[in-house]
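Inspection log for the structure reproduced underneath, given as structure tokens.
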Amino acid sequence: YNTNMYPDSSLNLNYETEDTVYWFSSAYDPFNNWSAHVVKIWDRTFYTAEHAYHYRKYSETAPKIAELISVAPSPWAAMQIDKANKKDRRADWSEVRLTIMTEIVRAKVNQNDDVRQCLIKTKNKKIVENSPWDNFWGCGPEGKGDNHMGKLLMLIRGELGN
């Protein structure tokens with residue numbers, strides 16, 4: 001019996017054939033902002049880091065929208081509320097989003113031992129969010145994106161001193 005919830009990535013447990021879908025938690029699921037890790041920040045508790053991220057877009061400019069995001073039943077639902085209300089976002093969002101995401105992920109890592117252990121386990125390897133569409137947070141479809149999520153995870157890993 002394996003007590004490690006996150007299997008070695010070399011096991012390739014997520015794939016599909018013509019007639020079957022095989023799935024299991026991925027080795028690095030804790031890095032995902034949609035992972036089921038509560039984040040306590042700004043005197044609030046969020047279901048996921050994704051909830052906290054979208055909440056902060058509206059907490060000062062549209063508190064009712066922020067509240068809807070904070071209680072959304074899934075990270076996907078939180079994102080949909082954001083997409084439907086972009087005009088009400090704080091005006092400086094593009095300037096502050098990196099700082100805010102770093103604050104959220106730092107809280108997630110410090111508050112969730114499995115996330116912290118998963119990050120430590122990467123040792124000094126480069127971390128890349130292998131997003132097939134996001135050139136800002138990930139490497140994007142051509143692998144040349146900014147990879148800000150990977151960079152901030154490596155920054156936080158360095159702060160852990162391991």
Side-chain angles (χ1 to χ4, degrees), residues 6 9 14 25-112 114-162:
Y6 308 105
S9 60
N14 295 292
S25 293
S26 82
Y28 301 104
D29 188 56
F31 296 166
N32 189 332
N33 288 329
W34 289 33
S35 70
H37 291 92
V38 167
V39 178
K40 295 177 183 177
I41 192 167
W42 313 308
D43 295 320
R44 300 187 64 96
T45 300
F46 297 94
Y47 298 129
T48 68
E50 190 78 6
H51 282 79
Y53 180 72
H54 294 301
Y55 167 88
R56 200 65 170 152
K57 294 176 182 179
Y58 302 94
S59 59
E60 297 169 15
T61 56
K64 289 181 180 172
I65 295 168
E67 189 58 33
L68 288 174
I69 288 169
S70 74
V71 299
S74 70
W76 182 87
M79 188 175 68
Q80 295 310 305
I81 295 167
D82 168 49
K83 285 183 176 186
N85 292 282
K86 286 182 179 181
K87 66 179 177 17
D88 295 312
R89 277 186 192 163
R90 56 189 286 177
D92 65 346
W93 185 247
S94 61
E95 291 85 43
V96 300
R97 63 184 169 168
L98 259 174
T99 301
I100 289 171
M101 182 63 87
T102 303
E103 185 181 7
I104 293 166
V105 174
R106 185 179 287 123
K108 177 181 172 179
V109 168
N110 289 330
Q111 295 166 18
N112 294 278
D114 61 322
V115 180
R116 187 170 47 261
Q117 293 307 318
C118 188
L119 188 55
I120 290 167
K121 192 170 103 175
T122 65
K123 300 189 174 158
N124 63 348
K125 290 182 181 177
K126 182 177 181 180
I127 299 173
V128 176
E129 180 176 326
N130 198 21
S131 172
W133 50 76
D134 192 329
N135 279 306
F136 182 80
W137 292 112
C139 66
E142 281 115 43
K144 298 177 183 164
D146 295 328
N147 187 38
H148 285 298
M149 185 57 65
K151 290 174 184 173
L152 76 86
L153 284 164
M154 290 183 288
L155 171 80
I156 294 165
R157 179 182 63 197
E159 293 169 359
L160 295 173
N162 296 308

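The model shown is predicted, which means the values in this text are computed figures rather than measured ones.
Legend: ring-ring contact (aromatic ring centres under 6.0 Å, His included) pairs involving residues 76-109, not counting sequence neighbours, sorted by first then second residue: Tyr53-Trp93. The stretch residues 141-153 participates, sequence neighbours left out, in no side chain to side chain donor-acceptor pair (under 3.5 Å) pair at all. Listed by first then second residue, pairs satisfying side chain to side chain donor-acceptor pair (under 3.5 Å) with a partner in residues 29-42 read Trp34-Glu50, Ser35-His37, Ser35-Lys108, His37-Asp114, Trp42-Glu103, not counting sequence neighbours. Screening residues 85-96 for salt bridge (charged side-chain N to carboxylate O under 4.0 Å, His left out), with sequence neighbours left out, gives Glu60-Arg90, Asp82-Arg89, Arg90-Asp92.
Taking NE2 of His51 as the reference point, atom CZ of Phe46 lies at 9.5 Å (rounded to 0.5 Å). Between atom CD1 of residue Ile156 and atom CZ of residue Arg116 there is a gap of 12.0 Å, rounded to the nearest 0.5 Å.
In terms of the side chain to side chain contact (heavy atoms under 4.5 Å, CB included) criterion, residue partners of Ser131 (sequence neighbours excluded) are, by chain and number, Glu129, Trp133, Asp134. Listed by chain and residue number, Ala27, Tyr28 satisfy the side chain to side chain contact (heavy atoms under 4.5 Å, CB included) test with Ser9 (two or more places apart in sequence, or in another chain).
In this structure, Arg97 satisfies the cation-pi test against Phe136, with its NZ or CZ atom closer than 6.0 Å to the six-membered ring centre and inside 45 degrees of the ring normal.
Between Ile104 and Ala52 the shortest heavy-atom distance is CD1-C, 3.7 Å.
Although no hydrogens or angles enter the test, the distance criterion places no donor-acceptor pair under 3.5 Å between the side chain of Tyr55 and the main chain of Ala78. Looking at Arg56, its side chain never comes within 3.5 Å of a backbone N or O of Ala66 through a donor-acceptor pair.
Phe31 pairs in a side chain to side chain contact (heavy atoms under 4.5 Å, CB included) with only one of the listed residues (Val109, Val105, Leu119), which is Leu119. Ile41 pairs in a side chain to side chain contact (heavy atoms under 4.5 Å, CB included) with only one of the listed residues (Thr45, Asp43, Val39), which is Val39.
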